[in-house]
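To keep things clear, I will list the structure first and then write my remarks on it.
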Amino acid sequence: MDIGVVLQNDPPARVVIDLAKKAEAAGFSHVWTFDSHVLWQEPFVIYSKILDETERVIVGPMVTNPGTRDWTVTASLFATLNEMYGNRTICGIGRGDSALRVLGLQPQTLAQLRESVQVIRGLASGERVTVRGQELQLAWASASRLDVWVAAYGPKALALTGEVGDGYILQLADPDIAAWMIAAVRRAAEKAGRDPAAIKFCVAAPAYVGDDLAHQREQCRWFGGMVGNHVADIVARYGSNGAVPQVLTDYIKGRQSYDYAEHGRAGNTHTTFVPDEVVDRFCILGPVEHHLKRLSELRDLGVDQFAVYLQHDAKESTLAAYGSQIIPVLP
């Protein structure tokens, strides 16, 4: 199983770049960042510097969306980085949450997401694609290759992932929910005539190595609120009748509001509705042995990568613990 890391693009950008370098030195395979250009700094500028100062890690957004940039611009960004640094990028993409809502916009439709996956991947891989009735090709990008991994929770988005995604991103680390979601993607892939084994599966969630569980929970409770934003959209569309696992629909009943100014931040005051049980299920907390146990469970479900959300007050010590005590011994 690969181990990646997910960073926020908080200024100064130099800190993000240095954490990426430390992650590579510790044995992490991927460096992902949020992509919400009003809340944080523009990621693609930072990717160029990360790639320039590292040799091996794969870099990309977790996740971008089809709404804040023209799809051809997004494809060109990836293809340019690939030309400069040798196909070391990856595209995580979803319908959009914070990046669009802070602009007063709604997440993109599934139809727009589906088309954007095909356009971005095709153009960034040197292929001819049709966009708004125009046949386009990045003629200079013939050597570029890009995989697109789709982030999803709802049944139709999971089906879309199985039909067109190179990979699936699940943003929570509960093995029972992961098994449910992965099975849904695999069924959709098989129904679409694709090989389900060809799809990569990534679970992403906060991980915090240490012994003070109460403190770790408070540092990571924000994550349940972030997941709750997506689940609230699903409940509004499908109701709470089994479209997603019940544990997801149950815990958001206490959700009242959400302030994107605190999005993805420890101490988020709008996530008090998230109970300790959900924090423990969605995140990986506690001593090293807890992490190894959960990661082994996820690996056995077919998860190819666990990506550590590093938005808490023990970034460097958690990186170091994974590098010295988890990555080298993870079966």
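All values below come from the heavy atoms of this structure, side chains included, with hydrogens, waters and symmetry mates left out.
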Tell me, which pairs form a side chain to side chain donor-acceptor pair (under 3.5 Å) where one or both residues lie in residues 319-331, sequence neighbours left out? H291-Y322

Atom CG in L103, atom OG in S36: separation rounded to 0.5 Å? 7.5 Å

Should F28 and D2 count as side-chain neighbours, where that means a heavy-atom distance under 4.5 Å? no

Would Y47 and T33 count as a side-chain hydrogen bond (donor to acceptor under 3.5 Å, both in side chains) if you check the C-alpha gap in whole Å, the side-chain angles of each, and the deciding distance to 0.1 Å? CA-CA 9 Å; Y47 295 158; T33 78; 2.8 Å; yes

Does a side-chain heavy-atom distance below 4.5 Å link D280 with R217? yes

Check residues 158-168 and write down every donor-acceptor pair under 3.5 Å in which the side-chain atom is one partner and the other belongs to a residue at least two apart or another chain.
residue: T161; atom: OG1; partner: A157; partner atom: O; Å: 2.8
residue: E163; atom: OE1; partner: R114; partner atom: NH1; Å: 3.0
residue: E163; atom: OE1; partner: R114; partner atom: NH2; Å: 2.6
residue: D166; atom: OD1; partner: R121; partner atom: NH1; Å: 3.4
residue: D166; atom: OD2; partner: R121; partner atom: NH1; Å: 3.1
residue: D166; atom: OD2; partner: V148; partner atom: N; Å: 2.8
residue: Y168; atom: OH; partner: A152; partner atom: O; Å: 2.8

Can you confirm whether V278 sits close enough to P275 that some side-chain heavy atom of one is under 4.5 Å from a side-chain heavy atom of the other? yes

How close do L123 and A75 get, counting heavy atoms only, and between which atoms? CB-CB, 3.6 Å

Indicate the atoms forming the closest heavy-atom contact of A23 with V5, along with that distance. CB-CG1, 3.8 Å

Of all heavy-atom pairs between L301 and A178, which one has the smallest distance, and what is that distance? CD1-CB, 4.2 Å

Can you tell me which residue pairs pass the salt bridge (charged side-chain N to carboxylate O under 4.0 Å, His left out) test with a partner in residues 25-35, sequence neighbours excluded? D35-R69

Is it possible for you to say whether V31 and V15 belong to one hydrophobic cluster, with membership spreading through side-chain heavy-atom contacts below 4.5 Å? yes

Is the closest side-chain heavy-atom distance between S144 and F78 below 4.5 Å? no

Taking the side chain from D276 and the backbone from A214, do they hold a donor-acceptor pair closer than 3.5 Å? no

N-O pairing of E24 and K21 below 4.0 Å: no

Residues two or more places apart in sequence or in another chain: which of them pass ring pair (Phe, Tyr, Trp, His ring centres under 6.0 Å) with Y208? H312

For the pair L113 and Q108, evaluate side-chain contact (heavy atoms from CB on, under 4.5 Å) and give the outcome as yes or no after the intermediate values. CA-CA 7 Å; L113 176 60; Q108 297 278 280; 5.6 Å; no

Any sub-3.5 Å donor-acceptor pair from E135's side-chain atoms to R128's backbone N or O? no

Hits for side chain to side chain contact (heavy atoms under 4.5 Å, CB included) against V63, two or more places apart or cross-chain, chain-then-number order -> A151, I169

Under 3.5 Å: donor-acceptor pair, side chain of T64, backbone of P61: no

Pairs where residues 191-205 contributes a residue and the test salt bridge (charged side-chain N to carboxylate O under 4.0 Å, His left out) is met, not counting sequence neighbours: none

Carboxylate-amine/guanidinium contact D18 K22, below 4.0 Å: no

For the OG1 atom of T89 and the CG atom of L77, what is their distance to the nearest 0.5 Å? 10.0 Å

Any side-chain heavy-atom pair from K49 and V45 closer than 4.5 angstrom? no

When you look at F34 and Y309, which way does the ring pair (Phe, Tyr, Trp, His ring centres under 6.0 Å) test go after all the steps? CA-CA 10 Å; F34 284 25; Y309 272 102; 5.6 Å; yes

Shared ILVMFWY cluster between W140 and Y85, side chains joined below 4.5 angstrom? yes

Just wondering, are more than 12 heavy atoms of other shown residues or ligands nearer than 6.0 Å to CD in E289? yes

Quick one: side chain to side chain contact (heavy atoms under 4.5 Å, CB included) partners of Q41, sequence neighbours excluded? N9, P11, A13, I46

Pairwise side-chain contact, Q219 with D212, heavy-atom cut-off 4.5 Å (strictly under): no

Any non-hydrogen side-chain atom of E53 less than 4.5 Å from a side-chain atom of I17? yes

Applied to residues 299-308, the side chain to side chain donor-acceptor pair (under 3.5 Å) test, sequence neighbours excluded, yields H30-Q305, W32-Q305

With the side chain counted from C-beta on, respond yes when Q8 and L310 share a heavy-atom pair under 4.5 Å apart, and no when they do not. no

To the nearest 0.5 angstrom, please state how far the CG atom of L19 sits from the NZ atom of K315. 7.5 Å

According to side chain to side chain contact (heavy atoms under 4.5 Å, CB included), who are the partners of P245, at least two apart in sequence or on a separate chain? I177, W180, M181, V247, L248

Which pairs with one or both residues in residues 144-158 pass salt bridge (charged side-chain N to carboxylate O under 4.0 Å, His left out), sequence neighbours excluded? none

My understanding is that only residues two or more places apart in sequence, or in another chain, count here; which of them pass side chain to side chain contact (heavy atoms under 4.5 Å, CB included) with R186? I182, P196, F201

side-chain contact (heavy atoms from CB on, under 4.5 Å) assessment of S29 paired with V57: CA-CA 5 Å; S29 61; V57 288; over 6 Å; no

In short, W71 meets P66 closest at the heavy-atom pair NE1-O, 2.9 Å

So R95 and L110, side-chain contact (heavy atoms from CB on, under 4.5 Å) or not? Walk me through it. CA-CA 7 Å; R95 293 175 56 228; L110 289 176; 3.6 Å; yes

Measure the spacing between CD1 of I3 and CG of L295 and express it to the nearest 0.5 Å. 5.0 Å

Search all heavy atoms of G228 against all heavy atoms of Y251 and return the closest pair with its distance. N-OH, 3.0 Å

In this structure, OG of S76 is separated from CG of L81 (nearest 0.5 Å) by 9.5 Å

Check: G126 main-chain N/O paired with Q137 side-chain donor or acceptor under 3.5 Å: yes

Assess whether side-chain contact (heavy atoms from CB on, under 4.5 Å) is satisfied between V274 and F282, documenting all intermediate values. CA-CA 11 Å; V274 181; F282 287 11; over 6 Å; no

Looking only at heavy atoms, what is the nearest atom pair of R281 and R294, with distance? O-NH1, 3.1 Å

Kindly state each residue pair satisfying salt bridge (charged side-chain N to carboxylate O under 4.0 Å, His left out) with at least one member in residues 75-94, sequence neighbours excluded. none

Is there a path of hydrophobic side-chain contacts, each under 4.5 Å between heavy atoms, that joins V73 and V131? yes

Rounded to the nearest 0.5 Å, how far does CD of E190 lie from CD1 of I199? 10.5 Å

